[in-house]
Amino acid sequence: MIDLKKLSHPPDDGSVAFSDQYKKSIQNRGGDPAVVDQILELNSKRKKLNFSIDDSKFKLKSANQKIVTLKKAGKDASPLLTELKAQSREIKSLEAELAQVEQELNTQVHSTPNMLSEDTPFGESEDDNVLYKTVGERPQPKFKVKEHWELGEERGLIDFARAGEVTGSRFAFLKGDLARLERALIQFFLDFHTKDNKYTEILAPYIVNSKSLFGTGQLPKFSEDLFKLENTDYFLIPTAEVPLTNYYSDTILKGADLPVCLTGFTPCFRSEAGSYGKDTKGLIRQHQFHKVELVKFCHPDDSEAEHEKLLSDAEGLLQALELSYEVRTLCSKDISFSAAKCYDINVWLPGQNQFREISSCSNFLDFQARRANIRFKDESMKKPQFVHTLNGSGLAVGRTLIAIMENYQNADGSIRIPSALKKYMNNKDII
RNA sequence: GGAGAAAUGGCAGAGUGGUUGAAUGCACCAGUCUUGAAAACUGGCAGGCGUGAUAAGCGUCUCGGGGGUUCGAAUCCCCCUUUCUCCGCCA
């Protein structure tokens, strides 16, 4: 949610008005910048109405005091009452009008995306994401590496067919050592992030209400991406970002406690509406997958630095697993609704012979904090201020599993266990 | 799922129609006192919106949420949510 005060504030001398910057930003995302003018107009309508309501209420209140005085003196107050009745009705009708304007305003504001950071490059599609860095050595196998689904099915480690029967498409059963490897990854990720109390581990609900989804920005615009539980206000979480970020909704944190860093493992559920035919094979795009998420709440001055740290926390896992990856800064049309700046980490998959996304690390600035009402305050501050929120995958578990199956594959179809994971695999070094 | 009770500031807890954003206590912050600390004393201590200079000040709203009655609601009425107790069910 954008800062309306800032938006309607005239430009400081010589600089570009915030509203003009916002228009440009919306345009770069491929949206219609005219919405900004509509918002501004509704907002000024709102202010005017608000003013006259406050004014009328002030008069009514003062008159009420007179009644109190008259009654205390034992005098008749009824002549005043007729007049006040009319005034009271007037206020009610103004309030109804205000509610209408506010609703229209909210509809617009709530479905308008975040202002892009200056670092977010302009681009038309994911092809325009900008390479930030490439890390690690790709393996050079002397045989044709099998894609993970091929290997998984051949070896009886993944069963898509039975999942199709039991549930439907985009689901899978993992079996035996591979199921264990998935569990090992989860354990490893959480141990890594909670080492030295860097992040506090949270085990969160997998079901949230619409208010929480609004807070992080999935609602009201993207309901079709979610699984909703019938006849309830409950949704399966698409990511742990939702319960973890909303853990502090309607909260004023202590300035001294920032940054607050949380990590949590959850399954994630996505309807994948609109991705028909995309990644239909394998574990890449499932309706249910596992992810360890990193969430930070920080002082606005620190969010850029915290974003870099978040990225390196996610990268640390790939380095520990000795997997090759690249980091790209998402461009204006590929970045998500709520984010101002986002790094995608793409891991090298030799079976597919390409990089695939394994983590997304975003800085939301105060966009989510406004929606979810997450603020902070310290001694020196008169008023609380919105925090900045950030989150990133650390990492997507299923996709990491794929990366291991493809990068650590032997010619005979066996899979080596990265040394960092051995202790979680009963010291096995091959499966 | 059934029956009952409750929801007030960071916490505890007054307040049942008239200047109550709300007594009192605790916690917290600042000061006095003290070599320092504690105690005692003094003062401060919620947020939203509008106006204003994104100040001070002023206005307005907020006693779980929403609606209603009234000139006026923390207080009366209706609906919802949450919590607690008992019963049922259940891992």
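Each chain gets a letter, A, B and so on, in the order its sequence line appears, and its residues count up from 1. Please read all numbers here as calculations on a predicted model, not as lab measurements.
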When the [atom1] atoms of [M] and [N] are compared, how many Å lie between them, rounded to an integer?
| N | M | atom1 | answer |
| --- | --- | --- | --- |
| B:U32 | B:A38 | P | 14 Å |
| B:G67 | B:U85 | P | 32 Å |
| B:U42 | B:U35 | P | 22 Å |
| B:G25 | B:G36 | P | 28 Å |
| B:U16 | B:A22 | C1' | 15 Å |
| B:C77 | B:U69 | C1' | 7 Å |
| B:A30 | B:A39 | P | 14 Å |
| B:C63 | B:G15 | C1' | 11 Å |

Decide yes or no on salt bridge (Lys or Arg N to Asp or Glu O under 4.0 Å) for A:Arg370 and A:Asp3, but give the supporting numbers first. CA-CA 8 Å; A:Arg370 278 177 193 283; A:Asp3 184 349; 3.0 Å; yes
Rounded to the nearest Å, what distance is computed from the [atom1] atom of residue [X] to the [atom2] atom of nucleotide [N]?
| X | N | atom1 | atom2 | result |
| --- | --- | --- | --- | --- |
| A:Asp55 | B:C58 | CG | P | 17 Å |
| A:Lys47 | B:G50 | NZ | C1' | 8 Å |
| A:Lys45 | B:C49 | NZ | P | 21 Å |

Which nucleotide, [options], lies nearest any side-chain atom of [X]?
| X | options | result |
| --- | --- | --- |
| A:Arg46 | B:G48, B:C71, B:C49 | B:C49 |
| A:Lys92 | B:C49, B:C71, B:U69 | B:U69 |
| A:Phe58 | B:G48, B:G72, B:U60 | B:U60 |
| A:Lys383 | B:G48, B:A56, B:U60 | B:G48 |
| A:Asn50 | B:G50, B:G47, B:U60 | B:G50 |
| A:Lys382 | B:G48, B:A56, B:G72 | B:A56 |
| A:Lys57 | B:U60, B:U51, B:G48 | B:U60 |
| A:Lys5 | B:C71, B:C49, B:G47 | B:C49 |
| A:Leu84 | B:G48, B:C61, B:C71 | B:C71 |

Suppose we define a pair by two distances each less than 3.5 Å, Watson-Crick or G-U wobble; what does [N] pair with here?
| N | value |
| --- | --- |
| B:C49 | B:G59 |
| B:U81 | B:A7 |
| B:C28 | B:G44 |
| B:G88 | none |
| B:U70 | none |
| B:A39 | none |

A:Lys281, NZ atom: more than 12 neighbouring heavy atoms under 6.0 Å: no
Closest-nucleotide 5' rank along RNA chain B - winner of A:Ile252 and A:His9: A:Ile252
Upstream residue (5' side of RNA chain B) when A:Lys59 and A:Arg375 are each assigned their closest nucleotide: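 By nearest-heavy-atom nucleotide position, the 5'-most residue is A:Arg375.
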Criterion side-chain hydrogen bond (donor to acceptor under 3.5 Å, both in side chains) on A:Thr263 and A:His193, from CA distance to verdict: CA-CA 7 Å; A:Thr263 184; A:His193 296 310; 5.0 Å; no
Under 3.5 Å, is there any donor-acceptor pair linking the side chain of A:Asp54 to the base of B:G50?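 Flag unset: no donor-acceptor pair detected.
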So do A:Phe189 and A:Leu317 actually touch side chain to side chain, heavy atoms under 4.5 Å?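 The answer is yes; the side chains approach within 4.5 Å.
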As a quick check of understanding, evaluate side-chain hydrogen bond (donor to acceptor under 3.5 Å, both in side chains) for A:Ser338 and A:Asn114, giving each step before the final call. CA-CA 5 Å; A:Ser338 301; A:Asn114 199 359; over 6 Å; no
Working to the nearest 0.5 Å, report the span between CG of A:Leu321 and CD1 of A:Ile404.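 It comes to 5.0 Å.
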Once you measure the plane-to-plane angle for A:Phe171 and A:His287, does it fall in the parallel (<30°), tilted (30-60°) or perpendicular (>60°) bin? tilted
